[in-house]
Amino acid sequence: MLFGASRALRGARSCHGWRFLSAVAGACANSRHIPSFGIAFDIDGVLLHGARVLSEAQRALSILDGNNQFNRKIPYILMTNGGGTSEVDRSRKLTEQLGFEITTSNFMQAHTILKSHAQKYANKPVLVLGGKRDALRKVAEDYGLQHVYTTLDVKAWNPDVWPFCDLTPEERASAKPVDFSTTPISAIFVFHDPRNWALDVQIMMDIIQSRGIIGSSGPLVSAPPVELVFCNPDLQWRSEFPRPRLGQGAFREAFQAVHQAVTGAPYPYTQFGKPTTQTYEFAEKMLHARMVELHGVSVTSDIQPRFYMIGDNPESDIAGANAAGWSSILVRTGVYDPADGPPTHKPTHEAENVEAAVHWAIEREFAQTT
Ligand code: G3P
Ligand code: MG
């Protein structure tokens with residue numbers, strides 16, 4: 001229906017962000033404005049500090065939930081470089097923390113994109129790194145990976161693989177019995193921040209240098225190089241501690257420094273997560289779907305939605321949004337601290353916190369309609 005309508009509306013007055021669709025969208029007969037802009041929220045340093053909810057977060061979400069001058073729900077998603085559990089579990093937890101319904105249709109995390117990118121390894125043994133014990137094995141299996149191993153499985157198989165730590169009873173209980181001398185690992189996926197950097201770097205080196213068979217004397221010449229995938233490039237992130245903490249990007253740098261020192265070269269890898277293009281394209285699809293879900297507005301050549309990213313990290317949130325042609329808002333409640341100098345990537349706007357950011361975006365869109 002909408003396509004026919006948009007042609008009819010060609011002459012109608014239109015302005016960015018809001019559409020006068022009353023004639024067409026019978027369903028919302030009493031509305032003049034259907035929002036065709038959407039907002040993506042970063043989580044750490046914007047809505048949360050670790051487990052602590054920032055007070056302005058709920059006020060910001062309440063504005064998008066309809067408490068705004070348009071009396072309309074505004075489409076939004078939560079887009080984090082975090083991870084470690086399933087999208088269902090994390091969105092359920094976020095709903096409890098924030099008091100607003102977060103579901104898998106408006107929540108994405110660093111490794112969500114692997115649902116579509118890991119299929120080629122569905123039947124092959126792979127190593128998944130990060131998270132607590134084997135929590136990510138189940139997540140990876142739900143993404144379609146059938147032979148998922150962890151570094152704790154390797155340590156349980158042969159404790160001599162890394163002599164400087166012992167498995168806790170919980171870690172041993174989470175380990176899956178397998179003979180890695182006959183199980184060639186084809187790919188390594190770093191889903192979330194690793195817990196034991198030393199153990200993980202050692203096993204990554206063993207797998208990469210042997211092209212899959214841990215402990216074998218030389219590379220399996222017949223095997224292709226092991227693929228290496230990182231899901232989150234953040235060097236630093238903001239949790240409860242007052243200063244930023246090292247992130248998965250720092251782990252990647254540590255691994256590459258060791259690989260360079262041992263082999264003389266860095267190891268090639270695929271990077272997902274903000275600011276990568278794939279992750280912002282994934283987010284844009286999710287925001288489009290959210291618009292249809294909330295307002296039945298689908299994108300046409302006439303209705304090009306405008307997207308906002310509200311984030312605390314210039315390197316990931318702002319750089320990615322700018323590259324995707326979105327509007328970017330940098331807040332001062334996380335990694336970015338104005339005292340450290342200007343941000344490495346210039347945002348469309350800088351705001352004290354997420355609530356001020358939402359107000360700015362809404363007023364900007366409202367100004368377009370008056
Ligand atoms: O590990 C998570 C961290 O890198 C950042 O998360 O929510 O700020 O993208 P977020
Ligand atoms: Mg953040």
Side-chain angles (χ1 to χ4, degrees), residues 81 83-84 86-87 109-131 133-158 161-162 174-176 178-197 199-216 218-233 248-249 251-256 258-260 262-263 265-273 276-279 282:
N81 269 350
S86 72
E87 283 74 18
Q109 53 191 349
H111 43 76
T112 307
I113 198 166
L114 292 182
K115 284 182 184 171
S116 45
H117 283 269
Q119 293 325 309
K120 70 179 180 188
Y121 291 103
N123 309 317
K124 299 202 172 114
V126 297
L127 188 79
V128 165
L129 271 70
R133 295 193 287 276
D134 70 337
L136 283 167
R137 189 196 317 273
K138 179 85 181 53
V139 175
E141 287 167 351
D142 290 348
Y143 289 175
L145 295 166
Q146 292 155 34
H147 308 287
V148 180
Y149 301 104
T150 70
T151 52
L152 299 178
D153 297 343
V154 180
K155 173 71 179 170
W157 163 71
N158 183 343
V161 74
W162 182 248
S174 79
K176 195 173 175 174
V178 62
D179 180 356
F180 286 100
S181 67
T182 57
T183 308
I185 301 291
S186 304
I188 299 170
F189 293 98
V190 186
F191 271 47
H192 189 39
D193 302 37
R195 273 19 182 202
N196 185 332
W197 285 25
L199 172 71
D200 292 359
V201 167
Q202 176 64 72
I203 292 172
M204 287 168 79
M205 290 299 292
D206 290 329
I207 291 171
I208 284 168
Q209 291 192 286
S210 66
R211 291 205 174 175
I213 295 289
I214 300 170
S216 79
L220 212 58
V221 279
S222 58
V226 172
E227 180 162 2
L228 176 58
V229 176
F230 289 93
C231 292
N232 168 10
Q248 190 187 130
F251 171 78
R252 185 197 66 211
E253 294 305 313
F255 161 74
Q256 288 292 14
V258 170
H259 190 275
Q260 173 88 36
V262 172
T263 69
Y267 192 73
Y269 62 94
T270 302
Q271 183 70 67
F272 292 118
T276 66
T277 306
Q278 294 103 320
T279 290
F282 193 97

Quiz item: Would you say Arg195's side chain and Asp193's backbone share a donor-acceptor pair under 3.5 angstrom?
Solution: yes
Quiz item: Are any side-chain N or O atoms of His192 and backbone N or O atoms of Gly83, one a donor and one an acceptor, separated by less than 3.5 Å?
Solution: yes
Quiz item: Got a second to check how far Asp142's CG is from Leu114's CG, nearest 0.5 Å?
Solution: 13.0 Å
Practice problem: Identify the heavy atoms of Ile185 and Val226 that sit nearest to each other, and give their distance. | Solution: O-CG2, 3.6 Å
Quiz item: Would you say His259's side chain and Ala265's backbone share a donor-acceptor pair under 3.5 angstrom?
Solution: yes
Quiz item: With a cut-off of 6.0 Å (strictly less than), are more than 12 heavy atoms of other residues, nucleotides or ligands near NZ of Lys176?
Solution: yes
Quiz item: Short question: side chain of Glu87, backbone of Val139 - any donor-acceptor pair under 3.5 Å?
Solution: no
Quiz item: side-chain contact (heavy atoms from CB on, under 4.5 Å) with Leu127: which of Ile207, Val190, Asp153?
Solution: Ile207
Quiz prompt | Parallel, tilted or perpendicular: ring planes of Phe191 versus Phe189, cut at 30 and 60 degrees | solution = perpendicular
Self-check item: Validation row: Ile208, Ile188 side chains within 4.5 angstrom (heavy atoms)
Solution: yes
Practice problem: Quick one: sort the Trp197 and Phe251 rings into parallel, tilted or perpendicular, breaks at 30° and 60°. | Solution: perpendicular
Exercise. Output all residues satisfying side-chain contact (heavy atoms from CB on, under 4.5 Å) with Gln260, sequence neighbours left out; order by chain, then residue number.
Key: Pro266
Practice problem: Could you give me the CA-CA distance, side-chain angles and deciding distance for Thr112 and Thr279, then say whether side-chain contact (heavy atoms from CB on, under 4.5 Å) is met? | Solution: CA-CA 9 Å; Thr112 307; Thr279 290; over 6 Å; no
Exercise. Of all the heavy-atom pairs spanning Gln119 and Tyr143, show the shortest one and how long it is.
Key: NE2-O, 2.9 Å
Quiz item: Which pair of non-hydrogen atoms, one from Ser210 and one from Ser216, has the smallest distance, and what is that distance?
Solution: CB-OG, 3.4 Å
Quiz item: Quick one: CG on Asp206 to CD1 on Ile214, what's the gap to the nearest 0.5 Å?
Solution: 6.5 Å
Practice problem: Quick one: pull up OG1 in Thr183 and CH2 in Trp157 and give me the separation to the nearest 0.5 Å. | Solution: 8.5 Å
Quiz item: Taking all atoms of both residues into account, what is the closest heavy-atom pair of Asp134 and Ser174, and its distance?
Solution: OD2-O, 3.5 Å
Self-check item: Side chain proximity check, Gln248 to Pro233, heavy atoms < 4.5 angstrom
Solution: no
Practice problem: Verify the distance criterion only: is there a donor paired with an acceptor across the side chains of Gln256 and Tyr269 at less than 3.5 Å? | Solution: no
Self-check item: Side-chain heavy-atom pair Val178, His147 within 4.5 angstrom cut-off
Solution: no
Quiz prompt | Straight-line distance of Leu136 CG to Leu129 CG, nearest 0.5 Å | solution = 9.5 Å
Quiz item: Where do Cys231 and Ala110 come nearest, in terms of heavy atoms and distance?
Solution: O-CB, 3.3 Å
Quiz item: Relative to each other, are the rings of Phe230 and Phe255 parallel, tilted or perpendicular (30° and 60° limits)?
Solution: tilted
Quiz item: Between Phe272 and His117, what is the ring plane arrangement, given parallel below 30°, perpendicular above 60°, and tilted in between?
Solution: tilted
Quiz prompt | Contact summary for Ala140 and Val128, nearest pair of heavy atoms | solution = CB-CG2, 4.0 Å
Exercise. Please test Lys155 against Asn196 for side-chain contact (heavy atoms from CB on, under 4.5 Å), starting from the C-alpha separation and ending with a verdict.
Key: CA-CA 12 Å; Lys155 173 71 179 170; Asn196 185 332; over 6 Å; no
Quiz prompt | Backbone of Ala187 reached by a side-chain donor or acceptor of Lys124 within 3.5 Å | solution = no
Quiz item: Counting only N and O atoms by type, is there a donor-acceptor contact under 3.5 Å from the side chain of Asn81 to the main-chain atoms of Asn232?
Solution: no
Quiz item: Can you find a pair of side-chain heavy atoms, one from Tyr267 and one from Met204, that are under 4.5 Å apart?
Solution: no
Quiz prompt | Side-chain donor-acceptor pair present, Thr151, Asp200, cut-off under 3.5 Å | solution = yes
Quiz item: Looking at CE of Met205 and OG1 of Thr263, how far apart are the two atoms once the value is rounded to the nearest 0.5 Å?
Solution: 6.0 Å
